[in-house]
Amino acid sequence: MSWDTVTLDFDGDVATLTVNRPDAMNALNVETLEAMGEALDEAEAEGARALVITGAGDKAFIAGADISHMRELSTTEAQAYSELGHRVFDAIESFPAPVIAAVNGYAFGGGCEVALACDLRVASERAVIGQPEIDLGLVPGWGGTQRLPRLVGDEHARRLIFFGERVDASDAYELGLVGEVVAHDQLDGHVADMAAELAAKPKHAMRVAKEALNAVHEEPQQAGLAFERRAWSGLFGTHDQREGAAAFLEKRDPDFE
Ligand code: CO8
């Protein structure tokens with residue numbers, strides 16, 4: 001499948017979803033969100049074991065929702081637009097393999113929220129990130145009010161959302177908003193290496209690790225701990241669990257399923 005505003009490429013078990021509207025700073029209009037949803041389904045159907053999300057061009061990761069589209073919306077249309085974004089971002093969060101945001105430039109509003117829905121965030125030193133909705137008379141509408149405080153803590157999230165402040169890559173790293181900052185021209189290669197390493201890990205254990213980590217936020221702690229207990233014991237007896245232990249004890253590389 002192919003789309004006008006999204007590309008999906010495979011390199012072995014690693015899929016890369018690129019939002020491709022560089023003339024509009026990769027802003028997310030309805031067509032692009034729908035294409036992202038279909039691309040995520042395809043990546044899952046093809047068995048991707050790691051997914052990279054990035055933006056086309058040299059300036060923007062994703063500069064947010066499409067402001068020219070938003071300007072015309074009725075309340076009902078705004079609700080549909082909001083729900084579409086939520087569905088896509090939830091699909092990123094629940095994608096059954098690790099998802100890495102390669103933040104190659106501006107990541108504002110909905111663009112920051114895409115990155116927040118990913119498992120890991122790596123920024124180019126040129127990245128600028130923020131939730132500037134307040135200055136458009138809005139608030140983050142695709143999960144930012146919930147996912148941002150989990151990542152950076154309540155105080156920093158309030159500052160970013162109340163002031164609409166845009167932070168550069170090194171400040172984003174200091175806040176914990178990204179896990180790593182790399183030179184701009186090394187971003188793609190570095191993220192590709194990370195994704196390949198994650199894709200080579202045992203698939204079932206990786207999926208359970210992600211589900212358990214997601215449960216931290218989805219359920220109260222006791223329910224999350226119960227999930228971890230069930231999931232952990234559920235991995236026992238799998239080929240990869242036996243092979244992992246055997247390979248360690250026999251001082252050899254594991255041959256995972
Ligand atoms: N939407 C639509 N078009 C955009 C967007 C956007 N978010 N961002 C940039 N563009 C367009 C510009 O209009 C311009 O188009 P044209 O060439 O036709 O004039 C083109 O991209 C290039 O942009 P600039 O000329 O502004 O380029 P600069 O390099 O000077 O600046 C910036 C780049 C810094 C990214 C600047 O464009 C900017 O600040 N953009 C807006 C960022 C922003 O405010 N984003 C938040 C949007 S709100 C949001 O995401 C809400 C999410 C929740 C939605 C819930 C739905 C109900």
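Bear in mind the structure is a predicted one, so any value in this text is a computation, not a measurement. Sequence positions, counted from 1, serve as the residue numbers for this chain.
- Atoms OG1 and CZ, on T145 and R158 in that order, are 10.5 Å from each other to the nearest 0.5 Å.
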Should V30 and L84 be marked as a side chain to side chain contact (heavy atoms under 4.5 Å, CB included) after you check the CA-CA gap, both sets of side-chain angles, and the distance that decides it? CA-CA 8 Å; V30 170; L84 172 61; 3.9 Å; yes
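- The line from CG of L28 to CD1 of I62 is 5.0 Å long, rounded to the nearest 0.5 Å.
- A salt bridge is defined here as a Lys NZ or Arg NE, NH1 or NH2 lying under 4.0 Å from an Asp or Glu carboxylate O, and R252 with E243 meets this definition.
- Across all non-hydrogen atoms, the minimal contact from N29 to Y81 is CA-OH, 4.1 Å.
- I134 has its side chain out of reach of F162: every pair of non-hydrogen atoms, C-beta onward, lies at least 4.5 Å apart.
- Judged by distance alone, the side chains of Q79 and S82 never bring a donor and an acceptor atom under 3.5 Å apart.
- Using modelled atom types, one side-chain atom of H86 and one backbone atom of G141 make a donor-acceptor pair closer than 3.5 Å.
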Give the C-alpha distance, both sets of side-chain angles, the deciding distance and a yes or no for side chain to side chain contact (heavy atoms under 4.5 Å, CB included) between R147 and E93. CA-CA 11 Å; R147 293 189 177 109; E93 192 169 63; 2.8 Å; yes
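- Side-chain atoms of L120 and V191, non-hydrogen and from C-beta on, never get closer than 4.5 Å to each other.
- Rounding to the nearest 0.5 Å gives a distance of 14.5 Å between NZ of K201 and CG of D13.
- N26 places a side-chain N or O within 3.5 Å of a backbone atom of A56 that can act as its donor or acceptor partner.
- Counting non-hydrogen atoms of other residues, nucleotides and ligands closer than 6.0 Å to NZ of K210 gives a total above 12.
- Between P149 and G144, the shortest heavy-atom distance links the atoms CD-O, 3.7 Å.
- Checked by atom type, the side-chain pair D66/S68 shows a donor-acceptor distance below 3.5 Å.
- Remark: side-chain polar atoms of R49 are not paired, donor with acceptor, to backbone N or O of A196 under 3.5 angstrom.
- When hydrophobic clusters are built by joining Ile, Leu, Val, Met, Phe, Trp and Tyr residues whose side-chain heavy atoms come closer than 4.5 Å, directly or via intermediates, V19 is grouped together with V88.
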Between L33 and W142, does a side chain to side chain contact (heavy atoms under 4.5 Å, CB included) hold up when you go through it step by step? CA-CA 12 Å; L33 286 168; W142 285 330; 3.8 Å; yes
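- Although no hydrogens or angles enter the test, the distance criterion places no donor-acceptor pair under 3.5 Å between the side chain of E34 and the main chain of E31.
- Under a hydrophobic-cluster definition in which Ile, Leu, Val, Met, Phe, Trp and Tyr are linked whenever side-chain heavy atoms come within less than 4.5 Å, directly or via other members, L116 and L213 are assigned to different clusters.
- Closest of all the heavy-atom pairs between T54 and A102 is OG1-O, 2.9 Å.
- Within a 6.0 Å radius of OH in Y173, other residues, nucleotides and ligands contribute 12 heavy atoms or fewer.
- At least one side-chain heavy atom of I100 sits less than 4.5 Å from a side-chain heavy atom of L198.
- Side-chain contact between E133 and F108 is absent, with no heavy atoms from C-beta onward closer than 4.5 Å.
- D119 places a side-chain N or O within 3.5 Å of a backbone atom of V99 that can act as its donor or acceptor partner.
- Residues N104 and S124 approach most closely at CA-CB, 4.0 Å, considering heavy atoms.
- Formation of a donor-acceptor pair under 3.5 Å by the R121 side chain with backbone atoms of A115 is found in this model.
- For the atom pair CG of L136 and CZ of R71, the computed distance is 12.0 Å after rounding to the nearest 0.5 Å.
- Clustering ILVMFWY residues whenever any of their side-chain heavy atoms sit less than 4.5 angstrom apart, transitively, puts V52 in a cluster other than the one holding V103.
- Side-chain contact check for E180 and H190: at least one donor-acceptor pair (N or O, by modelled atom type) lies under 3.5 Å.
- In terms of heavy atoms, E113 sits closest to P140 at OE2-CB, 3.3 Å.
- Atom CG in L175 sits 11.0 Å away from atom CD in E155 (nearest 0.5 Å).
- In the displayed structure, R159 atom CZ is contacted under 6.0 Å by at most 12 heavy atoms of other residues, nucleotides or ligands.
- Side-chain N or O atoms of D11 include none that pairs as donor or acceptor with a backbone N or O of V14 at under 3.5 Å.
- In this structure a side-chain-to-backbone donor-acceptor pair under 3.5 Å is present from D240 to E257.
- Note: the hydrophobic cluster containing L8 also contains F61 (ILVMFWY, side chain heavy atoms under 4.5 Å, direct or indirect links).
- Salt bridge annotation for R242-D255: absent, with no cationic side-chain nitrogen under 4.0 angstrom from a carboxylate oxygen.
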Please walk me through it: do I129 and R166 pass side chain to side chain contact (heavy atoms under 4.5 Å, CB included)? CA-CA 5 Å; I129 308 178; R166 301 171 185 213; over 6 Å; no
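- In terms of heavy atoms, L177 sits closest to L160 at CD2-CD1, 4.4 Å.
- Within the 4.5 Å cutoff, the side chain of I92 has heavy atoms near those of the V114 side chain.
- Look at R207 and E211 and you find a salt bridge, because one of the NZ, NE, NH1 or NH2 atoms lies within 4.0 Å of a carboxylate O, short of that distance.
- Applying the 6.0 Å contact sphere to CZ of F163 captures no more than 12 heavy atoms from other residues, nucleotides or ligands.
- By the 4.0 Å N-to-carboxylate-O rule, R21 lies too far from D4 to be salt-bridged with it.
- To the nearest 0.5 Å, atoms CD (Q241) and NE2 (H204) are separated by 12.5 Å.
- Residues I161 and V139 fail the side-chain proximity criterion, which asks for heavy atoms closer than 4.5 Å.
- Residues L51 and P98 fail the side-chain proximity criterion, which asks for heavy atoms closer than 4.5 Å.
- Put simply, the side chain of T7 reaches to within 4.5 Å of the side chain of N20, judged on heavy atoms.
- Under the 4.5 Å side-chain heavy-atom criterion for ILVMFWY residues, a single connected hydrophobic cluster contains both V182 and M194.
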